[in-house]
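The structure appears right after this line, and notes come after that.
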Amino acid sequence: MTYETQPRASHFIDGKYVEDSAGAEIEVIYPATGERIATLHAATPAIIEQAIAAARRAQPAWAAMTGSERGRILRRAADLMRERNHDLSVLETRDTGKPYQETSVADATSGADAMEYFGGLAASLTGEHIQLGENWVYTRREPLGLCVGIGAWNYPTQIACWKAAPALACGNAMIFKPSETTPLCALKVAEILHEAGLPAGLCNVVQGMGEVGHALVTDPRVDKVSLTGSVPTGRKVYAAAAEGIKHVTMELGGKSPLIVFEDADIDNAVSGAILGNFYSSGQVCSNGTRVFVHRDIKEAFLERLCARLDKAVIGDPLDEATSFGPMVSQRQLEIALSYVEKGAGEGARLAYGGARLEREGFYMQPTVFADVTDDMVIAREEIFGPVMAVLDFEDEDEVMARANDTEFGLAAGVFTRDLARAHRVAARFEAGTCYINTYNDAPVEAPFGGMKNSGVGRENSKAAIEHYSQLKSVFVRMDDVEAPF
Ligand code: NAD
């Protein structure tokens, strides 16, 4: 292997790796075995200060470059990420436990997509000219300044890229704090960006728990905060950012509905439900974990689903044949298993799985509950594990009301062959990302984000530009100025 896979220190600041062993230890655990693969240190106040100072120092010159110049660097980073996809995917698998079969097509690759897309867009960012008779106004699209990104643990490379790429394209500097559970991959993203020509100080990565995130969010020199995390963390971070009237993007949790009508292609619907519940061992924010299946086809759906789950290859995530890996941590495994107990206790029928696997690492079976009702805890709370709840329904109005009866609004899906119904249902969903006869696609070209408690703002697509830049209006008068006295 010609490329050094593991990052060389805890933090990446001002274009280089930095260590400060005075910070609290962060153990990085390989979820497939439970073994420690790295020990990092949380950022001390001195490290946070270094990162903020470097970012503020570097940002004005970056903003003064042309969009084409900035974009070229991002596109070069995309190429490097694609060239190194194998090593980056292995690192992502070691960080998260997700199977290489997934990481090799969904993580560094989608990060590279973001670098390429926003790199391409950078040169096209403009203001507009508004003629007012002889006078006019023009708008300038300006960067926000210093953006802080805070990541969840499930997609460490992708989340870092989804935040850094639009921020940098718009002329901002970025400080990214990965989740303390999966801290390794973002360091490689920063390293690659600098190798691609990004000037020092523009993409910094600092490690730590919530306190480090809080210190960044509350620093007056920070202009914007983009968080990917749970709703409770979102409330805290949003409130702290509000104190300083900072811009925010909140990508939070969900408990999304997936509706399967009686005329659906059942095999496709089963595939959608599998993608929407068991990819990444169920640790995906947009998962359709409340699967409403029409009463007429419920048993056929369950039968085919269980037959398909028998084909899951559970094992070593670095083995390319493995299609279902461990949970990210002992803690997350325990949370998911506690919901299995709750579901059984509430009277749901365990149709598949439900048990921890007898092997090292944090493995549990893909799990399906049938006969779930709306009031059960497993139908209301985000589990963030491989636990699907199947609920019955009879008619469209009834299922729409039930699907929308949640604090969350991240995603929603519908399987039906009736196109008019499909679009009507999509229009009625209270969710930011909706799927018709598919589930969980997230291409960089399309906006991604939540309604209701699932979030504020959008990532990806041109929409993200609005959240990483601001407009300045400049009024220009050609004739005399009239004043009252
Ligand atoms: P989490 O909310 O526990 O932590 C998220 C991040 O916030 C971590 O980096 C953590 O250190 C940091 N943090 C915690 N408290 C903080 C504070 N007070 N101030 C600043 N930062 C703080 O989430 P998690 O367990 O890492 O991830 C799972 C959650 O993320 C799920 O709810 C999932 O749905 C959500 N998620 C959402 C999306 C999306 O795009 N909408 C994507 C992935 C995950």
Side-chain angles (χ1 to χ4, degrees), residues 24 26 40 42-43 48 95-96 98 106-107 110 114 148-163 175-183 185-186 205-219 222 225-244 246 248-256 276 279-289 327-329 331-333 335-336 381-385 406-411 431-433 440 442 444 446-460 464 467:
I26 299 174
L40 305 186
I48 296 172
D95 220 1
T96 63
K98 293 185 294 181
D107 292 283
S110 74
V148 161
I150 300 177
W153 42 258
N154 57 343
Y155 279 79
T157 304
Q158 184 186 79
I159 293 171
C161 292
W162 282 15
K163 296 187 191 311
I175 300 178
F176 187 78
K177 189 202 84 63
S179 162
E180 57 274 29
T181 311
T182 54
C185 299
V205 175
V206 300
Q207 309 293 346
M209 293 44 134
E211 308 85 76
V212 172
H214 183 75
L216 290 166
V217 172
T218 48
D219 192 288
V222 168
V225 180
S226 176
L227 168 77
T228 298
S230 61
V231 173
T233 304
R235 281 205 182 88
K236 283 188 223 158
V237 173
Y238 200 175
E243 194 63 36
K246 294 178 203 284
V248 295
T249 299
M250 293 282 141
E251 289 290 352
L252 308 178
K255 187 76 189 178
S256 301
Y279 203 73
S280 302
S281 298
Q283 303 163 116
V284 179
C285 53
S286 48
N287 272 356
T289 45
M327 308 285 300
V328 74
S329 62
R331 181 167 172 266
Q332 202 57 33
L333 173 69
I335 291 172
E381 294 181 10
E382 182 183 48
I383 298 173
F384 224 58
T406 164
E407 64 165 314
F408 301 107
L410 190 56
T433 306
N440 259 354
V444 68
F448 184 85
M451 293 182 178
K452 294 155 80 175
N453 286 357
S454 290
V456 175
R458 291 292 176 269
E459 294 199 303
N460 286 343
H467 301 286

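Whatever order the structure lists them in is the order used to number ligands and atoms, beginning at 1.
For Trp162 and Tyr155, the distance between ring centers is not under 6.0 angstrom.
Below 3.5 Å of separation, one finds no N or O of Glu459 facing any N or O of ligand 1. Among the atoms of Gly229, some N or O lies under 3.5 angstrom from an N or O of ligand 1. Looking at ligand 1, you won't find any N or O of Ser454 less than 3.5 Å from one of its N or O atoms.
Contact annotation: for Thr228 versus ligand 1, heavy atoms closer than 4.0 Å belong to both the backbone and the side chain. Contact annotation: for Leu410 versus ligand 1, heavy atoms closer than 4.0 Å belong to the side chain alone. With a 4.0 Å heavy-atom cut-off, ligand 1 is reached by the backbone of Leu252 but not by any atom from C-beta on. In Val284, neither the side chain nor the backbone holds a heavy atom less than 4.0 Å from any atom of ligand 1.
Of the possible donor and acceptor atoms, none in the side chain of Glu180 sits under 3.5 Å from a partner among the backbone N and O of Ile26. No donor-acceptor distance shorter than 3.5 angstrom exists from the side chain of Ser281 to the backbone of Gln283, with no hydrogens or angles considered. Distance alone, capped at 3.5 Å, places no donor-acceptor pair between the Lys177 side chain and the Val148 backbone.
For the atom pair Thr249 OG1 and Glu459 CD, the distance stands at 6.5 Å (nearest 0.5 Å). Between atom CH2 of residue Trp153 and atom CG of residue Asp95 there is a gap of 12.0 Å, rounded to the nearest 0.5 Å. To the nearest 0.5 angstrom, Met451 atom CE is 8.5 Å from Thr433 atom OG1. Note that CD of Glu251 and OG of Ser230 are 13.0 Å apart. Values are rounded to the nearest 0.5 Å. Rounding to the nearest 0.5 Å places CZ of Arg331 at 8.0 Å from OG1 of Thr181. One finds the OG atom of Ser286 at 6.0 Å from the CG atom of Leu410 (value rounded to the nearest 0.5 Å).
Heavy-atom distances between Pro178 and ligand 1 reach below 4.0 Å in at least one pair. Ligand 1 lies less than 4.0 angstrom from a heavy atom belonging to Leu227. At least one heavy atom of Phe448 lies less than 4.0 angstrom from ligand 1. Remark: distances from the non-hydrogen atoms of Ser179 to ligand 1 include one below 4.0 Å.
Here the heavy atom of the protein found nearest to atom 10 (C) of ligand 1 is Glu180 OE1, 3.7 Å. Ranking protein heavy atoms by distance to atom 27 (O) of ligand 1, first place goes to Ala152 CB, 3.3 Å. Summary of contacts: the protein heavy atom closest to atom 14 (C) of ligand 1 is Thr233 CG2, 3.5 Å. Closest to atom 12 (C) of ligand 1, if we only count protein heavy atoms, is Ile150 CG2, 3.6 Å. Protein heavy atom closest to atom 32 (O) of ligand 1, with residue, atom name and distance, is Glu382 OE1, 2.6 Å. Considering only non-hydrogen protein atoms, atom 26 (O) of ligand 1 sits nearest to Trp153 CD1, 2.9 Å. Distance from atom 39 (C) of ligand 1 to its nearest protein heavy atom, with residue and atom name: Cys285 SG, 3.2 Å. In this structure, the protein non-hydrogen atom closest to atom 33 (C) of ligand 1 is Phe384 CE1, 3.2 Å.
Within the listing of ligand 1, atoms 19 (N), 20 (C) sit less than 4.0 angstrom from a heavy atom of His214. Near Met209, meaning under 4.0 Å from one of its heavy atoms, ligand 1 places the atoms 11 (O). Atoms of ligand 1 found under 4.0 Å from any heavy atom of Gly253, numbered from 1 in the order shown, are 32 (O), 34 (O). Close approach to Ser230 involves these atoms of ligand 1, each under 4.0 Å from a residue heavy atom: 1 (P), 2 (O), 23 (O), 29 (C), 30 (O), 32 (O). Close contacts between ligand 1 and Gly151 involve ligand atoms 5 (C), 6 (C), 8 (C), 9 (O) [criterion: under 4.0 Å to a heavy atom].
A donor-acceptor pair shorter than 3.5 Å can be found between the side chains of Lys163 and Ser226.
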> Taking it one step at a time, do Phe176 and Ile159 satisfy side-chain contact (heavy atoms from CB on, under 4.5 Å)?
Replying inline: CA-CA 10 Å; Phe176 187 78; Ile159 293 171; 4.0 Å; yes
Distance-only donor-acceptor pairs under 3.5 Å for side chains of residues 207-216, two or more places apart:
| unit_1 | atom_1 | unit_2 | atom_2 | d |
| --- | --- | --- | --- | --- |
| Gln207 | NE2 | Ser10 | O | 3.0 |
| Gln207 | NE2 | Pro183 | O | 3.1 |

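The list of side-chain hydrogen bond (donor to acceptor under 3.5 Å, both in side chains) pairs with a residue in residues 447-458, not counting sequence neighbours, reads Glu407-Asn453, Glu430-Lys452.
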